[in-house]
Asker: 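Dropping a structure here in structure tokens format, bear with me for questions.
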Amino acid sequence: MSFLDAREHGSKPGSGFVSSQQEAVDRRERLRRLALETIDLSKDPYFMRNHLGQYECRLCLTLHTNEGNYLAHTQGKRHQQNLAKRAARDAAEQPVAPAPQRRVAIKKTVRIGRPGYRVTKQFDADLGARGLLFQIEYPEIEEGTKPRHRVMSSYEQRKEPWSKEWQYLLFAAEPYEVIGFKIPSLEVDKHPEKLFTHWDPDNKVYSLQLPFKPPAAPGRPGMPAVPPPQQQLAPPPRF
């Protein structure tokens with residue numbers, strides 16, 4: 001490099017070194033050549049060649065004379081800032097995906113058979129009302145569980161023909177099978193002093209007192225008798 005060239009590029013006379021401005025130009029040229037060798041412009045979504053043979057950046061809306069000039073632009077501050085803004089906008093507009101639903105594992109219990117039971121018929125002579133007392137024994141009931149019961153109409157079961165004269169009382173407790181009793185389809189008296197349940201955790205006995213409302217006024221003769229319950233020996237109805 002001559003003395004005049006060095007003066008024009010900012011070098012001191014007699015230093016023999018290239019100025020910082022020339023070093024920056026050389027550095028950009030090396031980066032451009034490296035980008036041309038390593039970057040595939042066909043995969044750049046913002047690179048476009050127009051009908052005039054010029055290259056455009058669709059993100060920054062700039063024109064470039066050649067591919068090297070476009071690649072140098074992509075390394076610049078303006079292009080990088082626009083990329084960051086576009087990424088932030090896309091992230092904000094992206095719909096939030098619903099949280100994945102957790103599958104609850106179905107507990108599989110090995111049934112050990114039917115529990116023992118005792119049924120007692122009750123009668124209130126003053127009101128003429130009848131009832132039933134069920135005592136179900138669950139000596140091998142699972143720890144921390146409590147028996148439960150349910151009254152089911154004849155139209156909910158699929159084991160016997162429908163009949164409005166009967167309904168079904170079901171008892172369930174793991175790991176025992178569900179047992180059902182066929183009882184008269186009378187209205188249950190749900191007064192808390194008459195209808196009650198009790199679970200004895202020491203003796204493992206579940207008791208249910210099921211009172212029926214009298215079909216006629218108290219003391220009226222000719223009240224029909226309540227037939228005894230029939231234990232459902234077949235597999236219990238589905239519910």
Side-chain angles (χ1 to χ4, degrees), residues 99 101-239:
Q101 297 181 354
R102 295 182 179 180
R103 294 186 177 181
V104 180
I106 300 176
K107 184 178 180 181
K108 296 183 179 180
T109 303
V110 179
R111 302 297 178 180
I112 61 175
R114 298 182 179 182
Y117 65 91
R118 182 166 55 255
V119 182
T120 305
K121 293 187 293 183
Q122 298 176 327
F123 178 71
D124 188 340
D126 296 334
L127 300 178
R130 300 180 182 270
L132 297 170
L133 174 63
F134 296 86
Q135 294 174 295
I136 315 298
E137 301 174 357
Y138 293 107
E140 303 295 333
I141 190 173
E142 291 185 356
E143 190 69 23
T145 61
K146 183 179 178 180
R148 53 198 184 276
H149 73 278
R150 179 195 174 199
V151 177
M152 182 176 66
S153 70
S154 174
Y155 301 98
E156 296 180 68
Q157 55 86 29
R158 302 177 182 177
K159 295 297 182 180
E160 296 185 355
W162 297 342
S163 175
K164 63 180 181 179
E165 298 180 358
W166 301 98
Q167 58 187 343
Y168 298 86
L169 176 62
L170 307 179
F171 293 89
E174 287 76 15
Y176 291 90
E177 295 180 5
V178 178
I179 60 173
F181 296 89
K182 190 175 181 180
I183 60 178
S185 184
L186 300 177
E187 185 178 359
V188 177
D189 190 347
K190 297 182 180 180
H191 193 280
E193 295 183 358
K194 298 180 180 180
L195 175 64
F196 69 88
T197 61
H198 175 69
W199 167 240
D200 186 350
D202 298 327
N203 298 322
K204 306 294 179 63
V205 177
Y206 182 69
S207 302
L208 167 65
Q209 179 172 284
L210 189 69
F212 298 105
K213 290 185 177 181
R220 181 178 177 181
M223 185 179 62
V226 177
Q230 301 179 12
Q231 198 237 345
Q232 188 70 17
L233 298 179
R238 297 179 181 178
F239 65 99

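Counting from 1, the numbers follow the sequence of the chain as shown.
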Asker: Is the backbone N or O of Asp202 less than 3.5 Å from a side-chain atom of Asp200, with the two atoms forming a donor-acceptor pair by type?
Answerer: yes
Asker: Is it true that Arg148 and Glu174 have a side-chain N and a carboxylate O under 4.0 angstrom from each other?
Answerer: yes
Asker: With the threshold set at 4.0 Å, does a side-chain nitrogen-carboxylate oxygen contact exist between Glu177 and Arg111?
Answerer: no
Asker: What's the spacing between Ser153 OG and Trp166 CH2 if we round to 0.5 Å?
Answerer: 15.0 Å
Asker: Let me see the working for Thr120 and Leu132 under side-chain contact (heavy atoms from CB on, under 4.5 Å), right down to the final yes or no.
Answerer: CA-CA 6 Å; Thr120 305; Leu132 297 170; over 6 Å; no
Asker: Would you call Asp189 and Lys213 a salt bridge, using N to O less than 4.0 angstrom?
Answerer: no
Asker: Within the side chain of Gln167, is there an N or O that forms a donor-acceptor pair under 3.5 Å with the backbone of Leu186?
Answerer: yes
Asker: Quick one: CZ on Arg130 to CD on Gln122, what's the gap to the nearest 0.5 Å?
Answerer: 12.0 Å
Asker: Could you tell me whether Lys182 and Glu165 have a side-chain N and a carboxylate O separated by less than 4.0 Å?
Answerer: no
Asker: Where is the tightest heavy-atom contact between Trp199 and Lys146, given as atom of each residue plus distance?
Answerer: CB-CE, 3.8 Å
Asker: Given 3.5 Å as the limit, does a donor-acceptor pair link the side chain of Ser207 with the main chain of Gln135, or not?
Answerer: no
Asker: Taking the side chain as every heavy atom from C-beta outward, state whether Val205 and Ile136 have any pair of such atoms under 4.5 Å apart.
Answerer: no
Asker: Report the C-alpha distance between Phe134 and Tyr117 in whole Å, list the side-chain angles of each, state the deciding distance to 0.1 Å, and finish with yes or no for ring-ring contact (aromatic ring centres under 6.0 Å, His included).
Answerer: CA-CA 7 Å; Phe134 296 86; Tyr117 65 91; 8.6 Å; no
Asker: Please report the shortest heavy-atom distance between Gly180 and Leu170, naming the atom on each side.
Answerer: CA-CD2, 3.6 Å
Asker: Using 0.5 Å steps for rounding, measure from the CG atom of Leu208 to the CZ atom of Phe196.
Answerer: 8.5 Å
Asker: Kindly give the heavy-atom pair with the smallest separation between Ser154 and Ser163, and that separation in Å.
Answerer: OG-N, 2.9 Å
Asker: Which heavy atom of Ile179 sits nearest a heavy atom of Pro115, and at what distance?
Answerer: CG2-CD, 3.7 Å
Asker: Looking at every heavy atom in both Tyr176 and Arg114, which two are closest together, and how far apart are they?
Answerer: CD2-C, 4.1 Å
Asker: Strictly under 6.0 Å, is that where the ring centroids of Tyr138 and Tyr206 end up?
Answerer: no
Asker: Nearest 0.5 angstrom please: Ile183 CD1 to Leu210 CG, how far?
Answerer: 5.0 Å
Asker: Gln157 and Trp162: which non-hydrogen atoms are nearest, and at how many Å?
Answerer: O-NE1, 3.6 Å
Asker: Does the pair Gln209 and Leu195 meet the rule for a side-chain contact (heavy atoms from CB on, under 4.5 Å), with working shown?
Answerer: CA-CA 6 Å; Gln209 179 172 284; Leu195 175 64; over 6 Å; no
Asker: For the residue pair Phe181 and Tyr168, is the inter-centroid distance of their aromatic rings smaller than 6.0 Å?
Answerer: no
